[in-house]
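In the text below, chain A, chain B and the rest are named by the order of the sequence lines, each starting its count at 1. Owing to the predicted nature of the structure, the values given are computational and were not obtained by experimental measurement.
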Amino acid sequence: MSFRVSCPSAITFRVMPHRLRFAPSPTGYLHVGGARTALFNWLFVKKYGGQFLLRVEDTDRARSTDDSTRAIFEGLEWLGLDWDEDVVYQGANLARHRADVAQLVEAGKAYRCFCTQAELDEQRKAAEARGEAFRYDGRCAHLPADEVTRRVAAGEPFVVRFRVREGETSWTDLVHGPITFPNKDIGEGDFIILRTDGTPIYNLAVVSDDIAMGITVVMRGDDHISNTPKQILLYEALGKPLPQFAHLPMIHGMDGKKLSKRHGATAVGDYQHMGILPQAMLNFLALLGWSPGNDIEVMTVPQMIELFSADDLSKKAAIFDTKKLEWMNGQHLALMAAAELAPLVIRGIVAAGLATEADLKAREPWLLALIELLKIRARTTDEIVRQAIPYLRDPIDYDPDAVAKQWKDREASRDILQATRAALAAAALWEAQPLEDALRGLAESRSMGAGKLFQPLRVALTGSAASPGIFDVLVMLGRDRSLERIDGAVRYITQHA
RNA sequence: GGCGGUAUCGUCUAGGGGACUAGGACGGGGCCCUCUCAAGGCCCAAACACGGGUUCGAAUCCCGUUACCGCUACCA
């Protein structure tokens with residue numbers, strides 16, 4: 001036994017070689033919902049021990065693409081959700097799927113059905129017209145063996161249906177507790193497991209593969225709850241032990257509907273490109289449907305593993321709130337050392353054409369100091385890059401609002417800037433403290449508030465009314481560049497007077 | 001329609017019959033800090049879906065109702 005139940009709602013897992021899997025279909029990008037499912041599977045394995053496997057469910061040939069498969073790998077790699085063993089491609093297991101179906105047919109647990117799709121559609125429509133739920137009437141369920149043989153030999157197309165037994169099917173879901181389905185309510189009766197073209201239907205392929213991969217805990221979205229009784233019946237018929245099932249709630253958009261493109265960015269790659277940190281994404285996703293308790297929110301990945309518990313999983317669908325994701329990212333940004341952030345910021349700066357990598361590497365201490373200043377003010381690495389522009393490129397752009405407000409009186413502004421320049425130029429050392437002494441001294445001599453001096457200067461230096469502390473800005477810019485910026489501002493004011 | 005699932009501030013959640021005047025966080029509002037912007041600190045508004053039980057006592061247990069979500073394919 002891989003677990004023990006101490007009371008119906010508290011399930012404690014021993015550290016054991018559990019085998020879990022994430023099984024996406026490669027029909028799009030890695031969705032945040034899929035990423036969260038993968039994360040919980042991964043956390044489970046890291047916490048309780050075992051292997052986390054990856055299976056690509058590419059049996060829908062029409063919709064599956066290699067691009068999509070690659071995007072899923074990249075997404076998982078970016079998040080750091082590494083998997084064990086080789087990736088399993090469901091499409092490669094066709095022979096086993098068919099062998100499992102053959103076994104079921106031989107055992108009389110499944111049968112060939114010669115009803116055509118057109119006939120079925122008609123019956124479905126008729127049932128609907130009568131206001132009834134359609135159920136396959138089982139007309140092929142008891143065909144004489146010789147008739148079946150004759151029709152198969154004649155090349156008549158058929159599907160294979162699974163014989164759903166009477167009774168009910170239930171299991172104890174790791175997140176939902178006991179769930180029971182009367183078998184008569186499982187789908188439309190005897191369900192199809194093999195298509196006319198000899199390929200398996202999802203439920204059969206999944207069970208066959210999960211058995212072959214030795215999966216002990218099936219953790220997936222709760223949109224699969226109604227597939228579960230079918231799958232349990234298949235395990236039974238195949239004579240295999242059942243895994244544990246854990247059905248995670250869905251993620252919805254702000255309008256409460258299932259998350260889709262309409263809600264904006266839904267692929268993890270979108271967030272990567274927005275400058276979200278993988279650990280922040282993981283942290284945010286983990287909190288959607290799980291809570292460690294004790295009001296803990298911001299966690300590193302090792303902390304998440306430490307605190308994770310399968311019985312603290314929530315049953316309720318969660319809404320994806322990008323505001324909180326951004327806040328979370330800001331928290332992780334603040335937590336990271338500038339040196340850790342540097343590679344990300346360098347990549348952004350180079351991509352924006354603001355500097356070359358060689359240039360940045362050559363003045364790494366300066367860059368680290370700049371990152372230190374900006375990271376607390378930014379919510380994404382992209383924002384750090386944007387805020388770094390005035391320190392990297394000349395000439396700077398003046399923000400019209402800042403100019404209008406801080407240089408309102410042209411004459412006075414020019415005068416103040418010139419006096420400021422002189423005071424700064426006279427400073428013995430270009431360091432924060434002497435510069436501060438110089439400027440505060442100037443303000444006092446003119447009996448004006450320091451802010452009245454700093455704001456026009458800030459616009460001259462950065463083009464913006466918001467920046468890190470003014471002395472830090474002066475130091476980052478250096479003496480020459482600072483004085484030039486002031487000169488440039490004076491010229492600008494003169495020209496636009 | 002049938003079946004299944006879910007229900008605490010706008011959002012993520014804490015809560016395991018008395019510790020609930022329902023806690024934290026995001027977002028919103030205000031104040032403080034302060035050269036601006038952030039960050040940080042403090043404060044405010046904001047929720048147990050509804051109705052019945054069970055119980056001395058219910059956000060917590062049970063039953064209904066309602067709402068929302070999912071499934072209902074020779075998709076996965």
* Send over the distance from A/Asn227 CG to B/G5 C1', rounded to a whole Å. => 14 Å
* Scan side-chain atoms only and decide if A/Asp197 and A/Thr199 contain a donor-acceptor pair under the 3.5 Å cut-off. => yes
* Taking atom CG of A/Leu54 and atom CZ of A/Phe73, what is their separation to the nearest 0.5 Å? -> 5.5 Å
* To do: Look at all strands and tell whether A/Gln117 reaches a base, only sugar-phosphate, or nothing, counting heavy atoms closer than 4.0 Å.
  => base
* Can you tell me the Watson-Crick or wobble partner of B/G51, both distances under 3.5 angstrom? -> B/C63
* To do: Kindly indicate whether the side chain of A/Lys324 and the base of B/A25 share any N or O donor-acceptor pair separated by less than 3.5 Å?
  => yes
* Asked: When rounded to the nearest Å, what value does the distance between C1' atoms of B/A22 and B/C48 take?
  -> 8 Å
* Asked: Side-chain donor-acceptor pair under 3.5 Å between A/His97 and A/Thr59, yes or no?
  -> no
* Length of the line joining A/Ile319:CD1 and B/C9:C1', which is rounded to integer Å -> 13 Å
* **Gap between atom OG1 of A/Thr65 and atom CZ of A/Arg70 - 0.5 Å precision** => 8.5 Å
* Structure fact -> Applying the 3.5 Å cut-off to both distances, the Watson-Crick or G-U partner of B/G40 turns out to be B/C32
* Asked: When you compare B/A19 with B/G10, how far apart are their C1' atoms, in angstrom units rounded to a whole number?
  -> 29 Å
* **B/C50 versus B/C71 - spacing of their P atoms, nearest Å** => 29 Å
* To do: Pick the P atom in B/A67 and in B/U21, then give their distance to the nearest Å.
  => 33 Å
* Could you walk me through whether A/Glu297 and A/Lys324 pass the salt bridge (Lys or Arg N to Asp or Glu O under 4.0 Å) test, one step at a time? => CA-CA 11 Å; A/Glu297 297 217 291; A/Lys324 187 148 185 174; 3.2 Å; yes
* A/Glu326 CD to B/G27 P, straight-line distance once rounded to whole Å -> 9 Å
* Partner nucleotide, any strand, of B/C56 [Watson-Crick/G-U, under 3.5 Å] -> B/G18
* To do: Sort out the partner of B/C26 for me: Watson-Crick or G-U wobble, both distances under 3.5 Å, none otherwise.
  => B/G10
* So, A/Thr169 and A/Asn183: side-chain donor and acceptor under 3.5 Å apart, yes or no? -> yes
* **Distance between P atoms of B/G2 and B/U65 (Å, rounded)** => 12 Å
* Euclidean distance, atom CG of residue A/Leu325 to atom P of B/C12 [Å, nearest integer] -> 14 Å
* To do: Taking atom P in both B/U8 and B/C68, compute the distance separating them and give it to the nearest angstrom.
  => 15 Å
* Asked: Could you run down nucleotides 32-47 of chain B 5' to 3' and tag each one B, S or - for protein heavy-atom contact under 4.0 Å?
  -> ---BBBBSS-------
* Going through the checks in order, is the salt bridge (Lys or Arg N to Asp or Glu O under 4.0 Å) test met by A/Arg139 and A/Asp137? -> CA-CA 6 Å; A/Arg139 63 181 62 181; A/Asp137 61 9; 2.8 Å; yes
* Asked: Given the C1' atoms of B/C42 and B/C62, what is the spacing between them in whole Å?
  -> 44 Å
* Just call it for A/Asp295: base, sugar-phosphate, or nothing, with non-hydrogen atoms closer than 4.0 Å on any strand. => base
* Are A/Arg161 and A/Tyr136 in a cation-pi setup, meaning NZ or CZ lies under 6.0 angstrom from the ring centre and within 45 degrees of the ring axis? -> yes
* Any chance the side chains of A/Arg458 and A/Gln455 put a donor and an acceptor closer than 3.5 Å? -> yes
* What distance, rounded to whole Å, do you find between the two P atoms, one in B/C12 and one in B/G51? -> 24 Å
* Do the side chain of A/Arg36 and the main chain of A/Leu288 share a donor and acceptor less than 3.5 angstrom apart? -> yes
* Rounded to whole angstrom units, what separation is found between the CZ atom of A/Arg36 and the C1' atom of B/C12? -> 11 Å
* Can you check B/G16 for me, syn or anti if syn means within 90° of 0? -> syn
* Asked: Could one point to a donor on the side chain of A/Asn294 or the base of B/A14 with an acceptor on the other under 3.5 Å away?
  -> no
* Tell me whether the OP1 or OP2 atom of B/G5 has a side-chain N or O from A/Lys316 closer than 4.0 Å. => no
* To do: Can you tell me the distance, in whole Å, between the CD1 atom of A/Ile193 and the P atom of B/A76?
  => 13 Å
Each nucleotide N or O in nucleotides 67-70 of chain B that has a protein N or O under 3.5 Å away: list the pair and distance.
residue: B/C69; atom: OP1; partner: A/Lys257; partner atom: NZ; Å: 2.6

* What is the nucleic acid contact for A/Thr27, judged by heavy atoms within less than 4.0 Å: base, sugar-phosphate only, or nothing? -> nothing
* Asked: Can the ring centres of A/Tyr202 and A/His224 be said to be less than 6.0 Å apart?
  -> yes
